[in-house]
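Note on naming: letters A, B, ... go to the chains in the order of the sequence lines (proteins, then strands), and numbering restarts at 1 for each one. All values below come from the heavy atoms of this structure, side chains included, with hydrogens, waters and symmetry mates left out.
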Amino acid sequence: MSERDEKIKSLVNMGFSEDEANEAIIRCVDSVSASRVAEDCHSRNLSDHQVTDRCFNSFGGRKKARLMEESRKKRKRYGSGGQGNRPSLDGSDEDSMPLPNPMVGFNLPGYSGPSVTRMLSKLDTGPPFFYYENVARAPKGEWAKISRNLFDIQPEFVDSLHLCAAARKRGYIHNLPIENRSPLLPLPPKTIFEAFPHYKKWWPSWDTRTHLNCLQTCVASAKLTDRIQRALVSSSNPPTKSVQKYVMDECKKWNLVWVGKNKVAPLEPDEMEYILGFPRDHTRGVGKTQRYKSLGNSFQVDTVAYHLSVLRRMFPNGVRVLSLFTGIGGGEVALHKLGIHMRVVVSIEIGEASKKIFKSWWDQTQTGTLIEITDVKSLTNDRVASFISQFGGFDLVIGGSPCNNLAGSNRHHRDGLEGKHSALFYDYVRILNFVKSAMGGRRM
DNA sequence: TGCACTATGACAATATTG
DNA sequence: CAATATTGTCATAGTGCA
């Protein structure tokens, strides 16, 4: 109690009213169990640290306030905030959500540090369980907005490079238990050379990468790899520092690998499938551009499976899944690899190529019921209600909403959650809330 | 039409320097 | 501490070709 008073006092000193400070403490304690907060305040436990820090950073010192003021001005032009926002605690929509370092979420296999315990309010736990995903580096304030719309649950930020050979910085908001998780076995290759030993042959010593950067939807042009080759050929051996820097910059930017003498190339689609944890040839059967696009948009299967692994014990007879923005079925592949039977999947996906990929995987591997819906807008609450009465409810609502307007590589329309595509997040919220209320907290 | 290919910054977090 | 540099990012729009 005295510690709590101390925290309140320090917040008041920062210029917040006592009520605001009080509410902030309550919110912190809501995300992490009270004892842990007290215990870990001075420890180096990064995960816990992240949670407590975040609570205080939202109110952080005067400098932060000034920065928030600036960005508020800048953002005015984006118009009024999103629909359905709860009033924010400090009256600002610009809460910063610092990303943890290392980005390992609540816990990860191989990172045996003391892990977080968290307590969700009874209203927030299932049924149904839900799992939401998006890019970690969204514009300022967007994750705070997402969190507010998902019951103020703190995101779990994970960089998949701690689990596989490529980086993938993502935030996940879910109400799953976080104790007793188990990874998919065998663990995926963790470095480039573990994944692709044959690239050692042409890999120059001055390229010190051990992991690839984030696999994206577009790959380098032949023209670019030609330019790199010409630069290398006309340089000395080893190349001059400036040539090395040029080549390395491009290799990192485009995720290029060494496939021959002075020759770099983008990964092939099947190599991306491998790193992302999909079965070989999962995306085969559509154009190469489409394969890159759908793979760049998908989950890293091992990461998601680790989070979902807690469901296996809870649903020995299988799960009923509402899958929004299914894509090529990263979540379903994760469940399947975990050995969790999918009794029902209602899948919403608008991309023709992705639908084709997912359907053919389903037909090859699954025996449950699959219902395919193209447009999330056409999944009205009435329709959700009829599915619920047909199947008796859903156990898991899973999906990553479009990141187009949040992602840094979008040069044109990075307009945040209110952007044309990313605003579909609000349909996720709508549908999840409807499922929750229709299932009314009772076991079905 | 559909596909492959190419050129095109902006932003924020982090690292470095003054 | 403040200014500056570096790094990295689930992309889009336009063009030419079959």
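In this structure, A:Lys293 reaches neither bases nor backbone, as no heavy-atom distance under 4.0 Å exists between it and the strands shown. A:Lys420 comes within 4.0 angstrom of no nucleic acid atom, judged by non-hydrogen atoms across all strands. At the heavy-atom level, A:Gln290 lies nowhere under 4.0 Å from the strands shown. Across all strands shown, A:Ser401 has heavy atoms under 4.0 Å from base atoms, whether or not it also approaches the sugar-phosphate.
Atom P of nucleotide C:dT9 and atom CG of A:Asn134 are separated by 15 Å, given to the nearest angstrom. One can place CZ of A:Arg137 at 15 Å from P of C:dA11, the figure rounded to the nearest angstrom. Between A:Lys252 atom NZ and C:dT9 atom P the separation is 11 Å, expressed in whole Å. The CG atom of A:Asp415 sits 12 Å away from the C1' atom of C:dA11 (whole-angstrom rounding). C:dA11 atom P lies 12 Å from atom CG of A:Asn255, rounded to whole Å. As rounded to whole Å, 14 Å separates atom P of C:dC10 from atom CZ of A:Phe299. Across the protein-nucleic acid pair, A:Leu99 atom CG and B:dT14 atom P stand 6 Å apart, rounded to whole Å. Taking atom CZ on A:Phe157 and atom P on B:dT14, their separation rounds to 11 Å, with Å as the unit.
Partners of A:Asp375 by side chain to side chain donor-acceptor pair (under 3.5 Å), not counting sequence neighbours: none found. For the side-chain contact (heavy atoms from CB on, under 4.5 Å) test, residues two or more places apart in sequence or in another chain that qualify with A:Lys261 are A:Trp202. Listed by chain and residue number, A:Gln229, A:Val259 satisfy the side-chain contact (heavy atoms from CB on, under 4.5 Å) test with A:Lys263 (two or more places apart in sequence, or in another chain). By the salt bridge (charged side-chain N to carboxylate O under 4.0 Å, His left out) test, A:Arg284 is found to be paired with A:Asp281, residues two or more places apart in sequence or in another chain being considered. Looking at residues two or more places apart in sequence or on another chain, you find a side chain to side chain donor-acceptor pair (under 3.5 Å) between A:Arg312 and A:Ser182. In this view, A:Asn297 and A:Thr217, A:Lys293 satisfy the side-chain contact (heavy atoms from CB on, under 4.5 Å) rule, not counting sequence neighbours. Residues satisfying the side-chain contact (heavy atoms from CB on, under 4.5 Å) test with A:Thr303, not counting sequence neighbours, are A:Val158, A:Ser160, A:Leu163, A:Tyr172, A:Gln300, A:His307.
Between the C1' atoms of C:dT7 and B:dG9, the separation comes to 15 Å (whole Å).
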Secondary structure of DNA chain C in dot-bracket form (Watson-Crick or G-U wobble, distances below 3.5 Å, | marking inter-strand pairs): |||||||||.||||||||
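Sorted by first and then second residue, the side-chain hydrogen bond (donor to acceptor under 3.5 Å, both in side chains) pairs involving residues 356-366 of chain A (not counting sequence neighbours) are A:His336-A:Gln366, A:Lys359-A:Asp363. Applying the salt bridge (charged side-chain N to carboxylate O under 4.0 Å, His left out) rule to pairs touching residues 195-224 of chain A yields A:Asp207-A:Arg209, sequence neighbours excluded.
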For nucleotides 8-10 of chain B, list the nitrogen or oxygen atoms of the protein found under 3.5 Å from its nitrogen or oxygen atoms, one pair per line.
residue: B:dT8; atom: O2; partner: A:Arg411; partner atom: NE; Å: 3.4
residue: B:dT8; atom: N3; partner: A:Arg411; partner atom: NE; Å: 3.2
residue: B:dG9; atom: N1; partner: A:Gly408; partner atom: O; Å: 3.3
residue: B:dG9; atom: N2; partner: A:Gly408; partner atom: O; Å: 2.7
residue: B:dG9; atom: N2; partner: A:Asn410; partner atom: O; Å: 3.0
residue: B:dG9; atom: N2; partner: A:Arg411; partner atom: N; Å: 3.4

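In this structure, of B:dA12, B:dA4, C:dC10, it is B:dA12 that holds the atom nearest to the side chain of A:Lys140. Ranking C:dT7, C:dC10, C:dA11 by closeness to the A:Asn404 side chain, first place goes to C:dA11.
Between A:Phe325 and A:Tyr428, the gap from one ring centroid to the other reaches at least 6.0 Å.
Here the shortest heavy-atom pairing between A:Arg168 and A:Cys214 reads NH1-SG, 3.7 Å.
In the model, A:Glu268 has no side-chain atom that pairs as donor or acceptor with a side-chain atom of A:Tyr274 under 3.5 Å.
Contacts with DNA chain C (heavy atom under 4.0 Å) in residues 204-228 of chain A: A:Asn213, A:Cys214, A:Gln216, A:Thr217, A:Cys218, listed by number.
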